Structure formats: structure tokens, C-alpha cells
Amino acid sequence: MKSKNIKNNHLSFNEQCYALLMKIPKGKITTYKALANALNTKAYQAVGNAMANNPNPINVPCHRVVNSNGAIGNYAFGIERKIDLLESEGVSTENGKIVAFKKLLFTFN
DNA sequence: GGAATGACATTTA
DNA sequence: CTAAATGCCATTC
């Protein structure tokens with residue numbers, strides 16, 4: 001691979017994503033769009049890709065990230081698991097979609 | 001250095 | 001509202 005060596009003090013794209021993820025309060029959710037927007041980029045899909053790496057699902061609540069249309073999206077451990085975790089935190093879902101998703105949506109403002 | 005991939009988004013039909 | 005097609009960005013092979 002053409003890794004350019006790690007001399008960057010700034011966090012990598014995925015690292016930044018994780019940092020933002022950890023800021024999300026319990027019972028709230030966010031979207032890939034909002035996340036990317038917070039990072040001043042439009043790499044919505046890249047954000048998801050960062051989650052796919054999922055180096056530390058323990059520290060990072062990846063399950064609190066959903067699609068901008070309110071759909072659950074995907075999850076490394078499976079959609080079922082993601083929904084279950086969300087429900088456990090008080091986020092109601094229905095047919096793979098977030099209920100009152102706009103209310104629970106956490107923007108990094 | 002280039003092609004392929006993905007936990008997406010937006011627009012159009 | 002649902003479904004399909006197109007675009008986008010960063011990362012990996």
C-alpha cells in the first residue's frame with residue numbers, strides 16, 4: 001500500500017468520525033450526512049466506511065448512526081443488533097425505520 | 001497511480 | 001410513498 005507514513009497530528013477521517021460519535025448522548029441518534037457535515041465534507045459514504053472498520057465498537061456507539069431518511073441503515077453486527085441497541089436506549093423503531101427520527105436526531109451544533 | 005468498493009445522499013420516474 | 005439511477009468522497013487492493 002502506498003501509506004504515506006503517519007506523521008499527521010490530525011486525526012484520520014475515521015478517527016474524527018469516532019470522536020463525534022462518542023459525543024452523541026444516549027438515546028439520541030445522528031445521520032451520516034450530519035456527521036460528514038460536521039467534518040466539513042460530503043463523504044457520507046466514506047463516513048459509513050469508517051464505521052465499517054469499526055476498530056472499537058465498545059467505545060464508539062456506531063449503532064446511533066442512521067440514514068438521513070430515517071432508515072436504520074446497516075451495522076457490522078447486523079441490522080437486528082443495531083435496532084435492538086437503539087430500542088434499548090429508548091429509540092423507538094418501526095419496520096426498520098426510526099420513529100420520530102427528526103426529534104431524536106442529534107446535530108453537532 | 002488507478003480501479004473498485006461501500007454501514008450513503010439526492011433526484012427523477 | 002416506493003423504486004431505480006446517478007453522483008460523491010475517502011479508503012483499500
Side-chain angles (χ1 to χ4, degrees):
Chain A
M1 308 57 188
K2 52 169 163 188
S3 34
K4 291 255 179 155
N5 206 5
I6 316 169
K7 58 175 179 158
N8 245 333
N9 281 347
H10 290 69
L11 299 165
S12 286
F13 198 85
N14 59 349
E15 288 290 329
Q16 293 187 67
C17 294
Y18 307 143
L20 289 173
L21 257 290
M22 288 186 274
K23 291 182 190 172
I24 303 177
K26 171 176 169 298
K28 287 266 188 174
I29 56 176
T30 189
T31 67
Y32 300 93
K33 179 176 165 58
L35 221 63
N37 191 20
L39 295 176
N40 274 299
T41 180
K42 300 108 193 163
Y44 314 122
Q45 211 159 11
V47 173
N49 257 337
M51 301 292 108
N53 284 302
N54 207 355
N56 49 350
I58 315 289
N59 304 310
V60 182
C62 312
H63 58 273
R64 290 181 191 156
V65 189
V66 299
N67 290 7
S68 66
N69 69 325
I72 297 296
N74 250 300
Y75 190 58
F77 289 78
I79 312 293
E80 310 265 323
R81 181 76 189 192
K82 184 169 182 178
I83 295 176
D84 195 50
L85 284 166
L86 287 171
E87 295 273 1
S88 295
E89 295 192 350
V91 180
S92 303
T93 64
E94 183 165 324
N95 195 20
K97 310 279 193 285
I98 302 288
V99 180
F101 135 82
K102 289 222 170 183
K103 287 181 164 189
L104 301 170
L105 179 61
F106 176 79
T107 52
F108 299 91
N109 302 285

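Just so we're clear, the structure is a prediction, and the values are computed from it rather than from any experiment. First the proteins, then the strands, lettered A, B, ... as listed; each starts at 1. For the numbers below, each heavy atom of this structure counts, side chains included, while hydrogens, waters and symmetry mates do not.
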Where A:Phe108 and A:Ala34 come nearest, the two heavy atoms and their spacing: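 So the two residues come closest at CD1-O, 4.1 Å.
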
Mind calculating the distance between [atom1] ([X]) and [atom2] ([N]) to the nearest angstrom?
X       : N      : atom1 : atom2 : answer
A:Asn49 : B:dT5  : CG    : C1'   : 7 Å
A:Asn53 : C:dA10 : CG    : C1'   : 11 Å
A:Met51 : C:dT12 : CE    : P     : 13 Å
A:Leu85 : B:dA7  : CG    : P     : 18 Å
A:Asn69 : B:dA7  : CG    : P     : 16 Å
A:Asn14 : C:dT12 : CG    : C1'   : 12 Å
A:Leu21 : B:dA7  : CG    : P     : 15 Å
A:Asn54 : B:dG6  : CG    : P     : 16 Å

Close side-chain approach of A:Leu20 and A:Leu39, heavy atoms under 4.5 Å: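 Contact flag for A:Leu20/A:Leu39 side chains = yes.
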
Heavy-atom check, side chain of A:Thr31 versus side chain of A:Tyr44, under 4.5 Å: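 When only atoms from C-beta onward are counted, A:Tyr44 and A:Thr31 do not touch, as no gap falls below 4.5 Å.
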
Value rounded to 0.5 Å, distance of OH in A:Tyr18 from CG in A:Leu35: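 A:Tyr18 OH to A:Leu35 CG: 11.0 Å, rounded to 0.5 Å.
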
According to side-chain contact (heavy atoms from CB on, under 4.5 Å), who are the partners of [X], at least two apart in sequence or on a separate chain?
X        : value
A:Gln45  : none
A:Asn74  : A:Ile79
A:Ala71  : A:Asn67, A:Asn69, A:Lys97
A:Leu104 : A:Ile29, A:Val91, A:Ile98

DNA chain B: 5'-proximal contact among A:Tyr44 and A:Val47 (nearest heavy atom):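 Looking at DNA chain B, the more 5' nearest nucleotide goes with A:Val47.
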
Residue pairs fulfilling salt bridge (charged side-chain N to carboxylate O under 4.0 Å, His left out) with at least one residue in residues 29-44 of chain A, sequence neighbours excluded: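 For residues 29-44 of chain A, and leaving out neighbouring residues, there are no salt bridge (charged side-chain N to carboxylate O under 4.0 Å, His left out) pairs at all.
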
Salt bridge (charged side-chain N to carboxylate O under 4.0 Å, His left out) involving A:Glu89 - partner list, sequence neighbours excluded: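 Counting only residues at least two positions away or on another chain, A:Glu89 forms a salt bridge (charged side-chain N to carboxylate O under 4.0 Å, His left out) with A:Arg64.
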
Residue list, ring-ring contact (aromatic ring centres under 6.0 Å, His included) with A:Tyr32, at least two apart or on another chain: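 None.
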
By a strict heavy-atom criterion of less than 4.0 Å, which residues belonging to [range] are in contact with DNA chain B?
range                       : value
residues 27-42 of chain A   : A:Tyr32, A:Lys33
residues 101-109 of chain A : none
residues 60-68 of chain A   : A:Cys62, A:Asn67, A:Ser68

Could you pull out the protein-nucleic contacts involving nucleotides 2-5 of chain C (nitrogen or oxygen on both sides, under 3.5 Å)?
none

A:Thr41 side chain vs A:Ala43 backbone, donor-acceptor pair below 3.5 Å: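 Yes, A:Thr41 side chain to A:Ala43 backbone: donor-acceptor pair under 3.5 Å.
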
N/O donor-acceptor pair under 3.5 Å between A:Lys26 side chain and A:Gly90 backbone: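 No, the answer is negative, given that no donor and acceptor are paired below the 3.5 Å cut-off.
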
All pairs passing ring pair (Phe, Tyr, Trp, His ring centres under 6.0 Å) where residues 80-101 of chain A contributes a residue, at least two apart: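 The answer is none; no pair qualifies.
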
